[in-house]
2 protein chains.
Amino acid sequence: MAANSRLTIATHALAWLALARRRGQEVLTSEQVAASVNTNPVIIRRSLGDLRRAGLVEVRHGAGAGWSLAREPEGITLLEVYDAVDAQPPFGLHRTEPNLECPVGHGIRPALSGVYGRVEQAMRRELAETSIADVLRETLVN
Amino acid sequence: MAANSRLTIATHALAWLALARRRGQEVLTSEQVAASVNTNPVIIRRSLGDLRRAGLVEVRHGAGAGWSLAREPEGITLLEVYDAVDAQPPFGLHRTEPNLECPVGHGIRPALSGVYGRVEQAMRRELAETSIADVLRETLVN
DNA sequence: GGTGGGTGTAACAGAAACTGTTGCAACAAC
DNA sequence: GTTGTTGCAACAGTTTCTGTTACACCCACC
């Protein structure tokens, strides 16, 4: 599968909004964000639409419209962004149901669900450690 | 993308090999494994081929051929299986290069690589905590 | 109250990845 | 040799994501 870049696009957009705000430009259009990410404005609207539904950004319509952060960048963690864009989980179970008459086929799905759940929890703990402000700081030193 | 089920298929095959061995049947054919996973034998050969290259299973050719574990199931961790099947990493960077003239576009890829690396390390630590024997034990209580 | 710049969303094309399938060469026990 | 099995290439089908076009809707501003 194509590597999932949704979290990357959304984080990029948020970091750019945070930097623009620090520079005094509160509102950016999807076209301005798209110019930094180097993609189509519709991709940005889809991504920022997810973030708006999660309460991370706000949108203004009409003339002079555009997007702005709904919260301080220090308070937005990558875990919230991850949940907002609902990227696919790292591992999937069997696509077709295994043979339930085999003892392994019968019990392996709940067993793996437990392992995969712990893995995802570890991932989430790590994502919660980093904020948009952290990403922006790291970005600007490069 | 379709959820990645490679780790699931490989782990299922290993658990089944471990159980069969405990029952006195050292060697299984790809068709016997496929019957438990409920898929095509070629899928199993591809998966077990990855595990063979990683030294986790052994194969015998000719008549009476088939697959067997190369190590004790207690000593095979899901991290080794994960590395053997090289599933895709959970997050991808931008598909097209961002605008390098924008300060965010310029520095965000190394910044995100750092975060994503820490997330993957957390995932790997968790995968290393579980062995095939653990999975089999959990499987048989369900 | 128009007007114009921008968002919201549907529809569709293209690319990429994975699964599943068929077919056949290679191989080794018997 | 015969037979059962792996190794692998080639291809179709499905799914998912990205990218693109098109158009309705919205609202600050004149």
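Because only heavy atoms are used, hydrogens play no part in the values below, and waters and symmetry mates are left out as well, while side chains stay in. Letters A, B, ... mirror the listed sequences (proteins, then strands); counts begin at 1.
Considering only the side chain of A/Trp67, C/dT7 comes nearest among C/dT7, D/dT6, D/dC8. Residue B/Arg6 has its side chain nearest to C/dT19 when only C/dG20, C/dT19, C/dA10 are considered. Listed nucleotides: D/dG7, D/dT21, D/dC8. Nearest to the side chain of B/Val42: D/dC8. Picking from C/dT21, C/dT7, D/dG7 the nucleotide with the shortest atom distance to the side chain of A/Ala65 gives C/dT7. Set against C/dC18, C/dT7, D/dT20, the side chain of B/Asn4 has C/dC18 as its closest nucleotide. The side chain of B/Ile43 sits closest to C/dT19 out of C/dT19, D/dG19, C/dG6.
One atom, CG of B/Leu51, and another, P of D/dG7, lie 12 Å apart when rounded to the nearest Å. D/dC26 atom C1' lies 17 Å from atom CD of A/Glu58, rounded to whole Å. Rounded to an integer number of Å, the gap from CD of B/Gln88 to C1' of C/dA16 is 11 Å. We find that CG of B/Asn40 is positioned 7 Å from P of C/dT22, with the value rounded to whole Å. With rounding to whole Å, B/Ile44 atom CD1 is found 16 Å from D/dC8 atom C1'. Residue A/Leu93 contributes atom CG, which lies 17 Å from atom P of C/dC18 at whole-angstrom precision. Straight-line distance from the CZ atom of A/Arg95 to the P atom of C/dG20: 7 Å, rounded to whole Å. Put simply, CD1 on A/Ile9 is 9 Å from C1' on D/dT18, counting in whole angstrom units.
Here the closest non-hydrogen pair linking A/Val57 and A/Leu48 is CG2-O, 3.6 Å. Closest of all the heavy-atom pairs between B/Ala15 and A/Ile108 is CB-CD1, 4.4 Å.
OP1 or OP2 of C/dG8 lies within a sub-4.0 Å distance of a side-chain N or O belonging to A/His61. Between A/Ser5 and D/dT18 there is a side-chain polar atom (N or O) within less than 4.0 angstrom of OP1 or OP2. For A/Ser30, a side-chain nitrogen or oxygen approaches OP1 or OP2 of C/dT7 to under 4.0 Å.
Summary of the strand contacts: A/Thr39 and B/Arg46 both lie near DNA chain D, and taking for each the nucleotide with the nearest heavy atom, the more 5' one is attributed to B/Arg46. Mapped onto DNA chain C by nearest heavy atom, B/Asp86 and B/Arg60 fall at different nucleotides, with B/Asp86 at the one closer to the 5' end. If you find the closest nucleotide of DNA chain D to A/Gly64 and to A/Arg45, the one lying nearer the 5' end belongs to A/Arg45.
Neither side chain, A/Thr77 nor A/Tyr82, offers a donor N or O lying under 3.5 Å from an acceptor on the other. Neither side chain, B/Asp50 nor B/Ser47, offers a donor N or O lying under 3.5 Å from an acceptor on the other. In the model, B/Ser30 has a side-chain atom that pairs as donor or acceptor with a side-chain atom of B/Arg45 under 3.5 Å.
Contacts of B/Gly66 with the nucleic acid, taken as non-hydrogen atoms under 4.0 Å apart, involve only primed sugar atoms and P, OP1 or OP2. In this structure, A/Ala63 reaches the bases: a heavy-atom distance under 4.0 Å links it to at least one base atom across the strands shown.
A/Thr96 places a side-chain N or O within 3.5 Å of a backbone atom of B/Asn38 that can act as its donor or acceptor partner.
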